[in-house]
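Each chain gets a letter, A, B and so on, in the order the sequences are listed, and its residues count up from 1.
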There are 2 protein chains.
Amino acid sequence: MSEFNNFFKSAFSVDNVIFGFDEGDLKILLIKRGADPFSGMWALPGDLVYPNEDLNTAASRVLEELTGISDVYLEQVQTFGAVNRHPLGRVITVAYYSLININKYMVTAASFAQKAKWHSISTVKALAFDHNQILSACFDLLKQRVRTRPLGFELLPLKFTLTALQHLYEAILETELDKRNFRKKILSMNLLIDLEEAQEGVAHRPAKLYKFDSDRYEKLVKDGFSFELKESKKKMLLENS
Amino acid sequence: MSEFNNFFKSAFSVDNVIFGFDEGDLKILLIKRGADPFSGMWALPGDLVYPNEDLNTAASRVLEELTGISDVYLEQVQTFGAVNRHPLGRVITVAYYSLININKYMVTAASFAQKAKWHSISTVKALAFDHNQILSACFDLLKQRVRTRPLGFELLPLKFTLTALQHLYEAILETELDKRNFRKKILSMNLLIDLEEAQEGVAHRPAKLYKFDSDRYEKLVKDGFSFELKESKKKMLLENS
DNA sequence: CTTAATCGTGTACTTTATACACAAATATCG
DNA sequence: CGATATTTGTGTATAAAGTACACGATTAAG
C-alpha cells in the first residue's frame with residue numbers, strides 16, 4: 001500500500017459533448033471559460049472526477065449541474081491523455097456525449113454562472129484545450145450510432161412528426177435523405193406508434209404525430225432484431241482497374 | 001498551479017488485449033500474476049502510464065516489452081474507472097486491443113518472468129480485477145471493426161490462403177461463413193494480390209497464396225470506398241404483429 | 001493407380017436500396 | 001368564400017447486394 005502511494009498519479013476529468021436539436025439544427029452546449037488557461041474561450045462542460053465517483057456518474061453530474069436534467073442518454077467515447085494537453089499539468093480526460101431533449105433544458109445557477117450557450121455544431125470555432133478534437137470524436141461516434149441504434153428519439157420531444165425525425169437525421173448525418181424512402185424504412189421497423197393526433201398551429205396541412213415504442217424495441221432486440229438505417233444518397237463508384 | 005496540486009489524483013494504467021491467430025483459433029496473451037492482489041490469477045498485460053508518456057505510447061510499450069514486437073495495430077477501446085475496481089486504491093485504466101501476427105511473437109525476458117501464455121479466447125476463465133469485462137468490451141469492438149475495416153490481415157502472415165482468411169473471420173465473428181460467398185465478396189474488393197504461388201507441404205491440393213494490397217486500400221478509401229463484410233448466415237425473422 | 005483431402009468455381013433467387021412526382025389537406029389573405 | 005401558398009402523404013419500377021447451394025479439379029500419400 002505504501003508502494004501504491006508512490007505511483008505516479010494524475011488529475012483526471014470528464015468532458016461532455018451535450019447534443020440538442022432545435023429549429024432543424026444540431027447544437028451543443030458550451031461554456032465560456034472565466035479563468036485561465038484559455039480564459040474567455042468556449043469549452044466543453046467538464047469537471048474533475050471525485051475520489052469516490054465512477055466515471056459515468058461524474059459525466060451525469062456535470063450534465064445535471066449544468067442543465068438540471070437527469071436520466072439522459074450518455075455514452076463514453078474516448079479518453080484523451082496527451083502529455084501536454086493541459087497547460088497546468090497532467091490531466092487525463094474521459095470524453096462522453098449525451099443526448100437531451102432541448103426543451104427540457106433549464107438555465108441553472110451553474111449554467112448561468114458559466115455562461116453556457118447552445119451553439120450550432122456547424123458554427124463552432126476554436127475551443128479551449130483539445131476540445132475540438134474531442135468534439136470531433138464524439139460527433140463521429142454519434143453519426144455511427146444513430147445509424148445502428150434508435151437514438152434519435154432522445155433528441156426529440158415525446159411526440160414528433162416524421163418530417164422532424166428526418167430533419168434530425170439529416171442534421172446528424174450531414175446529408176439529405178429521400179422522404180419516401182426514409183419513411184418506408186422507419187415505418188417498416190414498427191418502432192413508431194401512430195398517435196392519431198395531428199400537429200397544431202401550423203399554417204399548412206398538419207402532420208401526424210408519432211412516438212417511439214421503446215418497449216417494442218427492447219422486445220425486438222431480444223429476438224435478434226437490429227436497427228439499421230443505411231440510407232444515403234447516390235453512390236459515386238470509381239472504376240476499379 | 002498550487003491549486004492544481006490540490007486536485008484529487010489517481011493512478012492510471014493501460015491494459016492491452018493482445019490478439020493472435022493460430023491453428024484456426026483466436027487467442028489472447030495473458031500473464032500470470034506473481035503478486036497480490038489476485039496473485040496466481042491470469043490477467044491482461046498492462047502497466048501504469050509514465051508521467052511523460054502518452055496513452056498510446058504506454059500501450060505500445062506494454063506490448064513491446066512483452067512480445068518484442070513494435071509497430072502493431074493498436075486501438076483504444078474504453079476506459080474503466082469504477083471506484084473499487086482495484087483493491088489497493090483508485091486506478092483508472094484505459095483498455096486497448098492490439099493485433100499481432102503470432103509468428104513474430106518472441107519470448108522476451110518480460111514475458112518469461114511474467115509467465116505469459118497464449119489462451120484460446122473460448123477457454124478464458126476468471127481473470128484478475130475487472131479484466132473479463134475489459135476483454136469482453138475489446139472482443140466486441142474487434143467483431144465490429146473486422147466487418148468494417150480490413151484488419152484481419154494484421155493477424156495473418158504476409159502470405160495467406162483464402163481459407164485461412166475465412167477461418168480467421170469465422171473465429172472472430174464466432175459464426176460460419178459460406179465459402180463461395182465469402183470469396184466472391186473479398187475478391188470483389190480488389191484488395192488482395194494473387195501471388196501466383198501455391199501453398200507447400202500440404203497433403204492435398206495446395207491453395208493459392210495472396211497478400212493484402214494496403215496501398216490500394218489507402219487509395220480506394222480516398223475515393224470513398226468503404227470496406228464492408230456484412231455476410232452472415234440465415235436470418236430468423238420473427239413475425240411483427 | 002487408387003484413395004483421401006482440400007481447392008476453386010457459377011447461378012438462381014430473395015431482399016434491400018434507390019430514384020422519382022403529384023394529389024390531398026390545411027391556414028391565410030384578399 | 002374562393003384563391004393561394006405551404007407541407008403532407010403515398011407507390012412503383014429498377015438496380016444492387018445478399019443468400020443458398022454441389023461438384024469436378026488437383027495434389028500427396030500409400
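Backbone-only contact: A/Thr163 has heavy atoms under 4.0 Å from sugar-phosphate atoms and none from a base.
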What does nucleotides 24-30 of chain D look like as a protein-contact string, B for base, S for sugar-phosphate only, - for none, at under 4.0 angstrom between heavy atoms? BBBBSS-

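Rounded to a whole Å, the NZ atom of B/Lys185 is 19 Å from the P atom of C/dT9. Going from atom CG of B/Asp194 over to atom P of C/dC7 covers 15 Å, rounded to whole Å. If you take CG of A/Leu229 and P of C/dT16, they are 14 Å apart, rounded to a whole angstrom. In this structure, CD1 of A/Ile186 is placed 15 Å from P of C/dT16, rounded to the nearest angstrom. If you take CG of A/Leu177 and P of C/dC20, they are 15 Å apart, rounded to a whole angstrom. The separation between B/Gln166 atom CD and C/dT6 atom C1' is 13 Å, rounded to whole Å. Between the NE2 atom of B/His167 and the C1' atom of C/dC7 there is a distance of 12 Å, given to the nearest Å. Note: CG (B/Leu165) to P (C/dG8) measures 13 Å, nearest angstrom.
Among residues two or more places apart in sequence or in another chain, the salt bridge (Lys or Arg N to Asp or Glu O under 4.0 Å) test is passed with B/Lys104 by none. In terms of the side-chain contact (heavy atoms from CB on, under 4.5 Å) criterion, residue partners of B/Leu162 (sequence neighbours excluded) are, by chain and number, B/Arg183, B/Leu187, B/Leu192, B/Tyr210. Taking the side chain to side chain donor-acceptor pair (under 3.5 Å) definition, one finds that B/Lys208 meets it with B/Asp194, sequence neighbours left out. Taking B/Lys32 as the reference, nothing meets the salt bridge (Lys or Arg N to Asp or Glu O under 4.0 Å) condition, with sequence neighbours excluded.
For the 3.5 Å distance criterion, the side chains of B/Glu75 and B/Tyr97 qualify, holding a donor opposite an acceptor.
Atom CZ of residue A/Arg216 and atom CZ of residue A/Phe225 lie 9.0 Å apart, to the nearest 0.5 angstrom. Residue A/Phe21 holds its CZ atom at 7.5 Å from CD1 of A/Ile172, rounded to the nearest 0.5 Å.
For the pair B/Lys143 and B/Phe139, the cation sits on the ring face: its NZ or CZ lies under 6.0 Å from the ring centre, inside 45° of the axis.
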Atom pairs, protein N/O to nucleotides 10-13 of chain D N/O, distance under 3.5 Å:
from, atom 1, to, atom 2, distance (Å)
D/dT12, O4, A/Lys184, NZ, 3.0

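For B/Glu231, taking side-chain heavy atoms from C-beta onward, the closest of the listed nucleotides C/dA17, D/dT8, D/dT19 is D/dT19.
More than 12 heavy atoms of other residues, nucleotides or ligands lie within 6.0 Å of CD in B/Glu218, so this atom counts as buried by the packing criterion.
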